[in-house]
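Please read these numbers as outputs of a predicted model, since none were measured by experiment.
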Amino acid sequence: QVLLVESGGGLVQAGGSLRLSCAASRTIFSSNAMGWYRQAPGKQRELVAGVSIGGVTKYADSVRGRFTISRDNAENTVYLQMNSLKPEDTAVYYCAASTPYVKLLTRPDYWGQGTQVTVSS
């Protein structure tokens, strides 16, 4: 059973923008905080951004001011708008969901399949 489905990854030049989407089932979306993680080759998976059910957000220092996370409650979708992309943003990006919010930020319960983002220099 696929609960989280990501889309929007791709290849972009440095300085460009991409928007990732993650569609969730209504049950998952309405009762969980949502977020994005990423994993670059040879590196551990890291939190990129999270948003609580109430809209409280958290960002990794490396993306703050460039990325924006948002959730559309009508569409059961969470977005990650990524601007001013850098080559070091290259990674597989994973949608995640969990409750409570603090668990999303450390060890989420639900994961998407991942979408590749590649930023060329």
* Asked: Sequence neighbours excluded, which residues qualify as side chain to side chain donor-acceptor pair (under 3.5 Å) partners of Ser62?
  -> Arg38

* To do: Search all heavy atoms of Ser30 against all heavy atoms of Thr27 and return the closest pair with its distance.
  => OG-O, 3.4 Å

* Can you check whether Ala74's main-chain N or O pairs, donor with acceptor, with Asp72's side chain at less than 3.5 Å? -> yes

* To do: Sort and list the pairs that fulfil disulfide bond (SG atoms under 2.5 Å apart) and have at least one residue in residues 56-89, not counting sequence neighbours.
  => none

* **Partner set under side chain to side chain donor-acceptor pair (under 3.5 Å) for Asn76, not counting sequence neighbours** => none

* Joint cluster assignment, Leu104 & Val51, ILVMFWY side-chain distance < 4.5 Å -> no

* Could you give all pairs that pass the salt bridge (Lys or Arg N to Asp or Glu O under 4.0 Å) test and reach residues 108-121, with sequence neighbours left out? -> Lys103-Asp109

* To do: Please report the closest heavy-atom contact between Gly50 and Leu47, naming both atoms and the distance.
  => N-CD1, 4.5 Å

* Asked: Of the options Thr90, Leu20, Asp89, Leu11, which is the one that meets Val117 in a side chain to side chain contact (heavy atoms under 4.5 Å, CB included)?
  -> Leu20

* To do: Return each pair, listed once, that meets ring pair (Phe, Tyr, Trp, His ring centres under 6.0 Å) where at least one residue sits in residues 39-79; pairs must be two or more places apart or across chains.
  => none

* For Thr77 and Ser21, which heavy atoms make the closest approach, and how far apart are they? -> CG2-CB, 4.3 Å

* To do: Tell me yes or no: between the side chains of Glu6 and Gln113, is some donor less than 3.5 Å from an acceptor?
  => yes

* Identify, with sequence neighbours excluded, every residue that meets ring pair (Phe, Tyr, Trp, His ring centres under 6.0 Å) alongside Tyr93. => none

* Asked: According to the disulfide bond (SG atoms under 2.5 Å apart) rule, which pairs have a member within residues 20-121, sequence neighbours left out?
  -> Cys22-Cys95

* Could you please spell out the steps behind the side-chain contact (heavy atoms from CB on, under 4.5 Å) verdict for Leu80 and Thr68? => CA-CA 6 Å; Leu80 186 68; Thr68 302; over 6 Å; no

* Would you please name every residue forming a side chain to side chain donor-acceptor pair (under 3.5 Å) with Thr118, sequence neighbours left out? => Gln116

* **Interatomic spacing from OG in Ser52 to NZ in Lys58 - rounded to 0.5 Å** => 12.5 Å

* Asked: Do Leu105 and Val56 share a hydrophobic cluster, counting only Ile, Leu, Val, Met, Phe, Trp and Tyr and linking them when any side-chain heavy atoms are less than 4.5 Å apart?
  -> yes

* Structure fact -> Applying side chain to side chain donor-acceptor pair (under 3.5 Å) to Asn83 and not counting sequence neighbours gives Ser17, Gln81

* **Qualifying ring pair (Phe, Tyr, Trp, His ring centres under 6.0 Å) pairs with a residue from residues 4-37, counting only residues at least two apart or across chains** => Tyr37-Trp111

* Asked: Honestly curious: do Tyr110 and Val92 fall in one hydrophobic cluster under the side-chain, below-4.5 Å linking rule?
  -> no

* Asked: Would you say the side-chain atoms of Arg66 pair up with the backbone N or O of Ser84, donor to acceptor, closer than 3.5 Å?
  -> yes

* To do: Please name all residues satisfying salt bridge (Lys or Arg N to Asp or Glu O under 4.0 Å) with Glu75, sequence neighbours left out, ordered by chain then number.
  => none

* To do: Give a yes or no on whether Leu3 and Tyr94 share a hydrophobic cluster (residues Ile, Leu, Val, Met, Phe, Trp, Tyr; joining criterion: side-chain heavy atoms under 4.5 Å apart).
  => no

* Do the side chain of Arg71 and the main chain of Gly54 share a donor and acceptor less than 3.5 angstrom apart? -> no

* Asked: What is the distance from atom CD1 of Ile28 to atom CG of Leu4, rounded to the nearest 0.5 Å?
  -> 6.5 Å

* Structure fact -> The complete set of salt bridge (Lys or Arg N to Asp or Glu O under 4.0 Å) pairs with one or both residues in residues 7-23, sequence neighbours excluded, reads none

* Nearest heavy-atom neighbours spanning Ser121 and Ala14 -> CA-CB, 4.4 Å

